[in-house]
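See structure below.
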Amino acid sequence: MSPDPLSTTFAALADPTRRAILERLAEGDATVGELAEPFDMTLPAISKHLAVLERAGLIAKSRHGQQRLCRITANPLKNADTWLNEYRRHWEANLDSLDAYLTRLQSQEKKP
């Protein structure tokens with residue numbers, strides 16, 4: 001059974017190196033070598049991280065002459081954001097209810 005796209009997205013985002021690569025790509029397209037520069041790891045290791053990001057649909061690669069350019073793709077992140085926002089609304093509603101309950105308790109305690 002293959003994981004659903006959202007699981008693949010969150011699995012790819014679970015690694016700090018991959019998140020740093022996405023942060024760099026948010027500034028603009030970059031070659032594999034440019035993406036590898038800030039990290040103390042081998043080019044094959046960076047390529048493995050890029051492969052995970054590409055399988056998750058978070059980046060796309062294209063070839064320009066001898067260079068392979070990577071660019072960020074937004075759809076998986078939009079889907080993750082939509083999913084997270086649904087839960088954020090749920091918890092914000094619960095916190096608002098808790099706040100109203102606590103305010104009501106405080107006002108009852110102040111009454112003689």
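- Leu50 and Cys70 make their closest contact through CD1-SG, 4.2 Å (heavy atoms, listed as atom of the first residue, atom of the second, distance).
- Summarising the geometry of Arg63 relative to Gly65, their closest heavy-atom pair is CG-O, 3.4 Å, with the distance given to 0.1 Å.
- No continuous path of hydrophobic side-chain contacts links Leu35 to Leu69 [ILVMFWY only; heavy atoms under 4.5 Å].
- Atom NE2 of His90 sits about 8.5 Å away from atom OH of Tyr87, to the nearest 0.5 Å.
- Residue Arg24 comes nearest to Ala30 through the heavy atom pair NH2-CB, 3.5 Å, listed as atom of the first residue, atom of the second, then distance.
- Leu102 contributes atom CG, which lies 4.5 Å from atom CG of Leu98 (distance to the nearest 0.5 angstrom).
- Of the possible polar contacts, one joining the Arg18 side chain to the Ala12 backbone as a donor-acceptor pair under 3.5 Å is found.
- At distances below 3.5 Å, at least one donor-acceptor pair connects side-chain atoms of Arg19 with backbone N or O atoms of Leu13.
- In this structure, the separation between CD on Gln67 and OG1 on Thr31 is 5.5 Å, given to the nearest 0.5 Å.
- Of the possible polar contacts, none joining the Thr73 side chain to the Ala60 backbone as a donor-acceptor pair under 3.5 Å is found.
- Residues Ser62 and His64 have side chains that bring a donor and an acceptor to within less than 3.5 angstrom of each other.
- To the nearest 0.5 Å, atom CD1 of residue Ile59 and atom CD1 of residue Ile21 are 7.5 Å apart.
- Contact annotation: the side chain of Thr8 never approaches that of Asp4 to less than 4.5 Å [non-hydrogen atoms, C-beta and beyond].
- The distance from the CG atom of Leu53 to the CG atom of Leu58 is 6.0 Å, given to the nearest 0.5 Å.
- With a 6.0 Å radius and a threshold of 12 heavy atoms from other residues, nucleotides or ligands, Arg68 has its CZ atom at or below the threshold.
- Within 6.0 Å of NZ in Lys61 there are more than 12 heavy atoms belonging to other residues, nucleotides or ligands.
- Atom CD of Gln108 and atom OG1 of Thr103 lie 11.0 Å apart (nearest 0.5 Å).
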Please output the side-chain donor-acceptor pairs of residues 75-84 that fall under 3.5 Å, not counting sequence neighbours, one pair per line with the distance.
residue	atom	partner	partner atom	Å
Asn79	ND2	Asn75	O	3.4
Asp81	OD2	Asn85	ND2	3.3
Thr82	OG1	Lys78	O	2.9

